[in-house]
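All ligand and atom numbering here is 1-based and tracks the order in the structure.
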Amino acid sequence: MQTALFFTDKYEIDKNLKKKAMRSPLFYVGDKYKLMPQLKELFPKNIETYYDVFCGGGSASINVDAKSFVMNDVDSKVIALHQHLQENSINIDAFIKRMYGLIEGYELSHSEYGNNSEIEALKKVYNKTYFAKYNKKSYLNLREDYNANQYNIDLLYLLLIYGFNHMIRFNKQGKFNLPVGNVDWNRNVSNALVNYSKWFNTNNVRLSPGMDFESFVESQKIKAGDFLYFDPPYLITFSDYNKLWGETEEKRLYRLLDRLSEKGIFWGLSNMLYHKEKQNNILLKWAQKYNVYRIESNYISRFDNTVKSSSKEIYVTNY
Ligand SMILES: C[S@@+](CC[C@H](N)C(=O)[O-])C[C@H]1O[C@@H](n2cnc3c(N)ncnc32)[C@H](O)[C@@H]1O
């Protein structure tokens with residue numbers, strides 16, 4: 001497919017950049033952790049305040065250097081999870097221990113400690129769903145308890161760890177309704193919690209109350225040296241939070257970015273130009289007036305894991 005878009009390709013992807021980034025303990029769908037080494041190279045140096053306007057799991061904050069951070073997301077549950085992890089960062093070991101107690105109490109699997117014989121037997125029969133088979137009943141008990149007392153964010157975090165694809169999903173009645181996943185508490189979860197708490201304890205981090213991107217940006221006192229990173233839902237891909245996103249939001253975002261540019265405020269935007277058969281024409285037209293970088297993403301085809309799909313991830317900046 002041909003594009004009229006001019007790419008700013010003075011940036012060459014350095015293979016050494018592929019060193020590992022930190023993973024957020026929210027294991028968020030669509031998180032930026034694998035792309036952060038590349039994106040960080042393109043971010044301005046010496047950032048005063050870094051605004052993560054669509055923070056999701058926070059991967060785009062925890063892998064950046066800045067004097068201070070402000071995190072925002074429209075999803076109040078995402079904000080509640082960050083707030084809980086941040087409050088517990090002062091003694092993350094105690095939080096992890098409390099989680100271990102809940103795992104034991106609910107009789108959930110805990111592969112960080114190795115698998116028991118029952119799980120090993122299930123693994124032979126249910127190749128891809130053995131954890132789900134093992135945890136289903138316990139997970140439903142946990143879900144029922146959380147839905148009866150949604151103030152208990154420990155339970156919400158545990159649901160996220162054991163739920164389908166580590167997602168957070170509520171029905172119209174406000175009840176958490178995700179089924180069990182084939183995932184459990186392994187060493188990566190404890191490591192991600194420890195890393196997140198270290199990052200929080202050694203940085204100046206502020207959490208927004210959870211606002212729409214436009215009201216959030218307009219409510220901030222942005223000054224010279226600050227930088228705003230935007231990672232919105234992509235118009236042409238699908239995930240649960242895309243329900244909140246359509247052409248109206250897309251155009252509203254681009255108008256906001258234009259206004260920020262007029263004020264001389266630096267920003268960067270991640271987005272997707274093509275995905276499968278789809279092309280984001282609003283983005284294609286609008287982005288022409290800014291710098292556009294190709295980002296190497298590893299969207300592997302579902303049918304052939306050696307072939308990269310036709311997705312084209314980009315990074316747009318006004319600096
Ligand atoms: C692609 S995800 C961000 C992922 C994040 N950068 C990470 O690394 O985890 C997009 C996020 O935008 C949020 N969102 C959707 N509509 C929004 C809006 N109008 N204002 C602010 N955030 C919004 C969603 O809740 C979701 O968390």
**Report entry** Modelled atom types, side-chain donor and acceptor of N242 and S239, under 3.5 Å
**Finding:** yes
Report task. Going by heavy-atom distance to atom 26 (C) of ligand 1, choose the closest among L39, N271, D73. Result -> D73
Query - Pair D52 + K32, salt bridge at N-O below 4.0 Å - result: no
Query - Any N/O pair F213/ligand 1 closer than 3.5 Å - result: yes
Query raised in the report: Aromatic rings Y293 and Y315: how do their planes relate, parallel, tilted or perpendicular, breaks at 30° and 60°?
Result: tilted
**Report entry** Those atoms of ligand 1 less than 4.0 Å from some heavy atom in D31
**Finding:** 7 (C), 8 (O), 9 (O)
Report summary line: Honestly, for E249 the part within reach of ligand 1 (heavy atoms, under 4.0 Å) is neither
Query raised in the report: Will you find, in the side chains of S111 and N186, an N or O donor that is under 3.5 Å from an N or O acceptor?
Result: no
Query - N/O separation below 3.5 Å, D231 to ligand 1 - result: yes
Report task. Check ligand 1 against G58 and write out every atom of the ligand that is under 4.0 Å from a heavy-atom position of the residue. Result -> 9 (O)
Query raised in the report: Counting each atom of ligand 1 from 1 as listed, which ones have a heavy atom of M211 under 4.0 Å away?
Result: 20 (N), 21 (C)
Query raised in the report: Does the side chain of E120 pick up a donor-acceptor pair with the side chain of Y130 at under 3.5 Å?
Result: no
Requested in this report: Compute the ring centroids of Y139 and Y162, then answer whether they are less than 6.0 Å apart.
Outcome: no
Report summary line: Judged by heavy atoms only, the candidate from Y241, F54, F230, Y234 nearest atom 2 (S) of ligand 1 is Y241
Query raised in the report: To which protein heavy atom is atom 9 (O) of ligand 1 closest, and what is the distance rounded to 0.1 Å?
Result: G57 N, 2.9 Å
Query raised in the report: Hey, are Y254 and E250 close enough side-chain-wise for a donor-acceptor pair under 3.5 Å?
Result: yes
Query raised in the report: Is D65 paired with K40 through a side-chain N to carboxylate O contact shorter than 4.0 Å?
Result: yes
Query raised in the report: Of the protein's non-hydrogen atoms, which lies at the shortest distance from atom 15 (C) of ligand 1, and what is that distance?
Result: P233 CG, 3.6 Å
Query raised in the report: Side chain or backbone of C55 under 4.0 Å from ligand 1, or both, or neither, by non-hydrogen atoms?
Result: backbone
Query raised in the report: Given that the side chain starts at C-beta and the backbone is N, CA, C, O, which of these parts of Y28 lies under 4.0 Å from ligand 1, counting heavy atoms, or is it both or neither?
Result: side chain
Query raised in the report: Judged by non-hydrogen atoms, does V78 sit under 4.0 Å from ligand 1?
Result: no
Query raised in the report: For ligand 1, is E214 a contact, meaning one of its heavy atoms is under 4.0 Å away?
Result: no
Report task. Report yes if K32 has an N/O atom closer than 3.5 Å to an N/O atom of ligand 1; otherwise report no. Result -> yes
Query raised in the report: Between Y100 and Y113, does the ring centroid distance fall short of 6.0 Å?
Result: yes
Report task. Report the relative orientation of the aromatic rings in Y157 and F95; use parallel for angles under 30°, tilted for 30 to 60°, perpendicular for over 60°. Result -> tilted
Report summary line: A student comparing T237, D212, D240, I62 should find that the heavy atom closest to atom 19 (N) of ligand 1 comes from D212
Report task. Select one of side chain, backbone, both or neither to describe which atoms of P232 lie under 4.0 Å from any atom of ligand 1, heavy atoms only. Result -> backbone
Requested in this report: Check whether any heavy atom of S270 sits under 4.0 Å from an atom of ligand 1.
Outcome: no
Query raised in the report: Is the ring centre of F227 less than 6.0 Å from the ring centre of F43?
Result: yes
Query raised in the report: Distance only, no hydrogens: is a donor on one side chain within 3.5 Å (strictly under) of an acceptor on the other, for W199 and S89?
Result: no
Requested in this report: Examine V74 against ligand 1 and note whether any of their N/O atoms are separated by less than 3.5 Å.
Outcome: yes
